[in-house]
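Worksheet for the structure shown next.
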Amino acid sequence: MCGIVAIVGRKPVAPLIVDALKRLEYRGYDSAGVATVEGEELGRRRAEGKLVNLEKRLQAEPLDGTIGIGHTRWATHGVPNETNAHPHFSDGVAVVHNGIIENFAELRSELVADGYAFASQTDTEVVAHLVSREIARGADPVTAAHKTLKRLQGAFALAIMFRGNDNLIVGARNGPPLAVGHGEGEMFLGSDAIALAPFTNSVTYLEDGDWAVVRRDEIAIFDIEGNPVERKRQQSLSTSFMVDKGNHRHFMEKEIHEQPEVISHTLAHYLDFGAGVSKPLDLPFDFAKLDRLSISACGTAYLSGVIGKYWFERLARLPVDIDIASEFRYREMPIVKNSAAFFVSQSGETADTLASLRYCRKAGVPIGAVVNVRESTIARESDVILPTLAGPEIGVASTKAFTCQLSVLASLAVRAGVARGTISPEREKVLVRELSEAPRYANQVLKLDQQIEKLARELSSYKHVLYLGRDTNYPLAMEGALKLKEISYIHAEGYAAGELKHGPIALIDENMPVIVIAPHDRIFEKTVSNMQEVAARGGKVILITDKKGAEQASLQTMETIVLPDMPEIITPIVYALPIQMLAYYTAVFMGTDVDQPRNLAKSVTVE
Ligand code: F6R
């Protein structure tokens with residue numbers, strides 16, 4: 001992941017770079033660094049950990065210079081310390097990098113054999129040495145950078161700066177995104193347009209294989225062979241407004257509380273509540289003619305896709321393949337005729353999801369992108385953008401993006417059912433009304449915060465937690481476990497309740513609480529049997545259910561979170577909230593860094 005920024009400016013750039021890096025901190029926060037051309041020399045400040053540490057360093061030792069590059073790191077090669085922090089230097093060349101240089105070991109051996117000494121454990125340092133070696137051999141900086149780019153394999157966005165040259169930065173993109181920002185007598189590079197928003201809204205997105213020569217008054221873009229290429233300049237919609245936490249302790253808490261509103265916006269984009277119909281969409285395929293739909297995504301977005309599968313198959317009788325994108329991209333799936341593919345992603349930049357999209361594009365499959373960032377690479381490379389209207393999600397653990405993804409997928413499943421004749425106009429009306437009630441129920445669930453907080457205090461004393469559910473509550477169980485482990489660091493697993501006795505039941509004892517997600521539905525009784533199996537073995541059960549469910553299931557060792565009775569179609573959306581709240585409060589009790597949990601990043605642009 002990592003975020004990069006470069007400015008060829010008119011005033012001191014170090015504070016501006018730090019400001020831009022703040023907007024990119026979601027991409028990684030293991031270390032940060034800035035380099036500028038100070039007079040004839042390169043200056044650099046780096047710090048381990050979050051950006052505030054770099055800010056402190058810069059306050060103590062400011063950097064001069066009107067040209068500079070900056071980086072916020074998510075460690076891939078080498079531990080997250082100051083030595084491995086970017087920018088990396090080699091004899092007058094400074095480099096920041098997002099991605100992975102896959103042939104770095106081979107390049108490193110070659111450079112070591114040639115007498116180059118490595119200061120860091122990173123893959124990035126090979127880039128700095130390769131460029132400086134070309135310069136030492138007589139190449140000018142631009143040619144040196146180009147020759148180096150030709151030797152690199154892997155995924156990278158790069159910015160390269162040169163000693164004694166205060167009007168040149170070379171940027172390159174192969175995989176991870178890189179945007180050029182056009183200013184008045186100044187130019188910018190950034191991992192996304194949000195980073196550049198305080199400086200300019202006029203941006204050009206580099207395409208894969210592009211590299212750019214950036215000077216104060218001009219920019220030239222080339223392909224890897226060095227041929228000039230034209231790329232469209234466009235107005236970015238990103239605003240320079242920095243989202244704040246309002247009255248909340250963490251972004252995650254704020255984002256959990258925003259859900260009634262953003263779910264409502266998202267649903268209203270796809271459904272006409274007044275007329276009781278799903279809105280027509282300009283799709284690159286006809287739902288009625290599809291034999292198969294493929295959905296691919298990562299992490300929480302993937303789990304929204306699993307729930308989507310239940311909806312599309314049940315409501316529209318449309319068979320769905322759902323894949324984790326990192327598996328999909330390599331499993332050589334045969335492409336079914338008359339199929340379409342949806343890719344679900346909050347950031348729209350996830351490397352594996354993007355690679356899966358490109359696999360389908362190559363095979364000629366029509367592509368829809370369910371994305372939160374409309375200007376992202378996945379959005380731009382799809383045939384149709386199916387937006388989630390969650391607004392910026394800052395907390396690393398996805399909450400409101402997830403429920404908005406669910407809102408989109410449920411609405412699309414209704415649309416598909418209408419198109420395929422499996423949903424009558426009367427049924428459509430009912431489903432649209434039921435979906436329109438999700439925000440109201442979500443609001444009611446938020447009021448359970450005190451009870452959930454109390455339960456979370458108890459949960460925080462355990463080392464392992466099991467989540468169980470059936471049907472759409474099975475992926476929700478996996479989401480509950482994912483949320484808990486990523487922010488509280490408590491080990492958690494989500495299982496299909498019916499699988500319990502095929503293995504995991506061996507883990508059950510008084511030290512293993514089991515969270516059961518079970519609204520009162522057709523298969524509620526089956527889940528109650530599984531709960532009894534847990535209780536019989538001393539396991540503590542926390543049941544998340546509705547009023548009817550709570551009346552029917554009473555076990556001695558059980559705590560119950562009782563939600564209102566609600567229509568089945570909205571249960572995955574509304575039941576997501578108590579599991580998010582439980583994870584959130586548990587993490588608060590554990591004292592972890594809730595918004596920026598260790599080892600994670602918000603946008604995963606490497607495999
Ligand atoms: C977990 C989480 C991740 C993301 C995953 C995909 O809370 O946020 O699992 O869902 O990294 O990211 P996007 O949606 O940006 O493709």
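Everything quoted here is computed from the prediction, not taken from an experiment. In each ligand, atom 1 is the first atom listed, and ligand 1 is the first ligand listed.
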For ligand 1, indicate whether the residue N372 contacts it via side chain, backbone, both or neither (heavy-atom separation under 4.0 Å). neither
Region of E349 engaging ligand 1 - heavy atom pairs below 4.0 Å: neither
Evaluate T353 for polar contact with ligand 1, using N/O atom pairs at a separation under 3.5 Å. no
Between R415 and S278, does the side chain to side chain donor-acceptor pair (under 3.5 Å) criterion hold? Intermediate values first, please. CA-CA 6 Å; R415 183 81 208 154; S278 54; 3.3 Å; yes
Of all the non-hydrogen atoms in the protein, which one sits nearest to atom 10 (O) of ligand 1, and at what distance? T300 N, 3.1 Å
Protein contact of atom 6 (C) of ligand 1 - nearest heavy atom, named by residue and atom, plus distance: C298 O, 3.3 Å
Using a strict threshold of under 4.0 Å (side-chain N to carboxylate O), is an ion pair present between R231 and E207? yes
Compute the ring centroids of F328 and Y359, then answer whether they are less than 6.0 Å apart. yes
Closest protein heavy atom to atom 11 (O) of ligand 1, given as residue, atom name and distance to 0.1 Å: V604 CG2, 4.0 Å
Less than 4.0 angstrom from a charged side-chain N to a carboxylate O is my criterion; do K602 and E25 meet it? no
If you have a sec, work out which protein heavy atom is nearest atom 14 (O) of ligand 1 and how many Å separate them, to one decimal? Q346 N, 2.6 Å
Among protein heavy atoms, which lies nearest atom 15 (O) of ligand 1, and at what distance? S347 OG, 2.6 Å
Contact between V396 and ligand 1, counting heavy atoms under 4.0 Å? yes
Quick test of your reading of the model: are K400 and E258 salt-bridged, counting only N-O distances below 4.0 Å? yes
Does this structure show an ion pair linking E313 with K309, if we count only N-O contacts that are shorter than 4.0 Å? yes
